[in-house]
Protein chains: 2
Amino acid sequence: MTTLSQLPLPPDAGGAQALATTLAHAILSGKWASGETFPRERDLCEHFSASRNRVRNALAELSGSGLIDRTAGRGTVVRDIEDWHLLDPQMSEWMAGLEAPHPQLVREVFAFRLSAEPFVSELAALAATGQDLARIESALVGMCESAADPARREEHAEHDVAFHDAIYRASHNLVWRQMGLLLRPSIVALIQHSHHQAGSLDDSLDRHRQVFDAIRLRDPEAARDATERVLARTAADLGVENGARQLQRPASLPL
Amino acid sequence: MTTLSQLPLPPDAGGAQALATTLAHAILSGKWASGETFPRERDLCEHFSASRNRVRNALAELSGSGLIDRTAGRGTVVRDIEDWHLLDPQMSEWMAGLEAPHPQLVREVFAFRLSAEPFVSELAALAATGQDLARIESALVGMCESAADPARREEHAEHDVAFHDAIYRASHNLVWRQMGLLLRPSIVALIQHSHHQAGSLDDSLDRHRQVFDAIRLRDPEAARDATERVLARTAADLGVENGARQLQRPASLPL
DNA sequence: CTATACGAAATGTCTGACATTTACCGCAAG
DNA sequence: CTTGCGGTAAATGTCAGACATTTCGTATAG
């Protein structure tokens with residue numbers, strides 16, 4: 001699979017970050033297998049008609065996200081997917097911008113959400129402030145308003161992301177909060193792949209509202225159950241295997 | 001708190017990465033408040049007698065981890081702790097290398113472990129392979145062997161990290177697996193701050209062994225309970241407020 | 001008092017050269 | 001035939017200087 005530098009993508013006019021995005025998308029699309037040697041700086045410079053500086057800065061970003069490993073003398077090799085820094089916000093951005101989402105990554109991220117998000121909702125129900133509730137409600141309203149019009153799917157997706165992210169924020173823990181950034185690629189993939197029949201959408205909105213109500217009423221168990229139902233609906237829309245096994249037993253109350 | 005460039009740290013002889021570490025430690029130590037302007041490239045070059053290239057590469061790393069925000073014309077400003085990329089492996093490394101751990105971060109990371117790790121153990125009990133079990137057991141043996149000698153505290157800490165990391169890996173989910181990297185700073189802080197009386201250590205080892213046994217026997221509930229007991233012990237050694245309280249009110253900021 | 005234009009200051013980019021590390025190949029001794 | 005040594009090529013890392021671009025403050029004309 002030694003894809004040559006000609007195949008990947010035509011040149012790019014933006015700054016170093018744009019170049020990094022182009023290269024990252026190529027790697028995430030699986031154009032190079034793990035362990036394979038990446039093109040040399042010189043070739044990249046020529047192919048993209050960019051200065052070595054821009055190329056090096058772009059490669060430094062990829063290296064920082066664990067996509068590649070560079071060592072003087074040996075060259076640049078693509079790292080295994082297990083070494084990628086999935087939690088790097090930059091990575092989430094790249095994944096969300098991908099038109100054909102990486103199937104394994106979507107599965108892994110969704111499996112994570114399936115196991116963790118009900119618990120995050122529990123935390124949110126315990127710790128949410130008035131501001132948090134306002135943020136969640138605002139996102140919910142946005143989802144409802146943009147639900148009817150099929151032309152506003154992207155806007156709907158943004159509100160969907162905002163809804164779940166607001167719940168992560170409401171946990172009032174910096175680590176959980178950071179993880180809210182994982183949502184975007186997962187939800188974007190959902191929007192692009194599901195046909196969102198009207199009935200399914202109404203059902204989804206109703207389940208989201210139940211999550212909000214449970215958090216507002218400070219009922220952790222109800223929040224957990226409602227979140228499980230939202231994710232079950234999402235799993236169905238995504239066509240993912242039913243996560244019943246994973247949903248079966250999230251840790252409920254502390255000792 | 002506009003700490004001048006002279007105060008922070010004496011020069012550094014290593015590569016760009018070493019310089020980044022020095023600067024990151026300075027920021028993590030709170031030498032600059034959030035929103036404050038960071039020294040200019042020129043000054044850093046002079047102070048560390050480094051080329052602008054090295055300084056720029058180092059600053060690029062800090063920027064990639066969300067510690068600083070650079071914009072042409074305005075300069076470099078330190079970002080708020082809420083914007084730091086806590087899940088970036090680089091960040092964990094920097095935190096672990098800090099001699100005086102950031103108190104809030106230690107609290108937040110531990111609060112996260114307290115809420116998430118019992119659940120991870122459940123997943124591990126369901127998904128662990130023979131290789132996973134071997135890894136966990138190997139770490140456990142290492143902990144026991146290095147427990148007696150107080151001179152091998154660092155080695156003991158490494159085995160401790162390996163033990164918990166192996167459990168995250170055994171969940172067989174890439175996202176959870178990445179999060180195992182958060183353990184190192186937390187455990188290093190534990191080793192440095194607790195006096196580890198002999199009785200406490202024996203108790204800790206026993207609790208770790210119970211976690212291993214539960215996972216080996218594929219008993220999720222037992223694994224969860226045992227992990228909660230390990231973390232309760234850790235909380236006691238760390239001097240953190242009783243874990244139950246944290247589970248109900250994860251972090252700071254009441255309304 | 002407002003709006004525009006200029007200029008200082010900071011980061012971003014380009015170019016060319018040199019340093020350092022690594023892998024590969026040939027060669028000679030055992 | 002194998003082993004050990006050295007040399008060369010290739011790739012990344014670093015340095016140095018100049019220029020481009022963005023931003024903000026300030027002075028000035030209206």
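Heavy atoms only: backbone and side chains are in, while hydrogens, waters and symmetry mates are out. Every chain is numbered from 1, with letters handed out A, B, ... down the list of sequences.
For B:Ala162, the side-chain contact (heavy atoms from CB on, under 4.5 Å) partners are B:Ala139, not counting sequence neighbours.
Using a 4.5 Å heavy-atom threshold, the side chains of A:Tyr168 and A:Asn173 count as separate.
Rounded to the nearest 0.5 angstrom, B:Asn57 CG and A:Arg56 CZ are separated by 7.0 Å. To the nearest 0.5 Å, atoms CD1 (A:Ile167) and CD1 (A:Ile136) are separated by 5.0 Å.
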Checklist entry - For every nucleotide of nucleotides 6-18 of chain D, 5' to 3': is a protein heavy atom under 4.0 Å from its base (B), only from its sugar-phosphate (S), or from neither (-)? => result -----BBBBBS-B
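Ring-plane geometry between B:Phe163 and B:His208 is classed as perpendicular, the angle between the planes exceeding 60 degrees on a 0 to 90 degree scale with a lower cut at 30.
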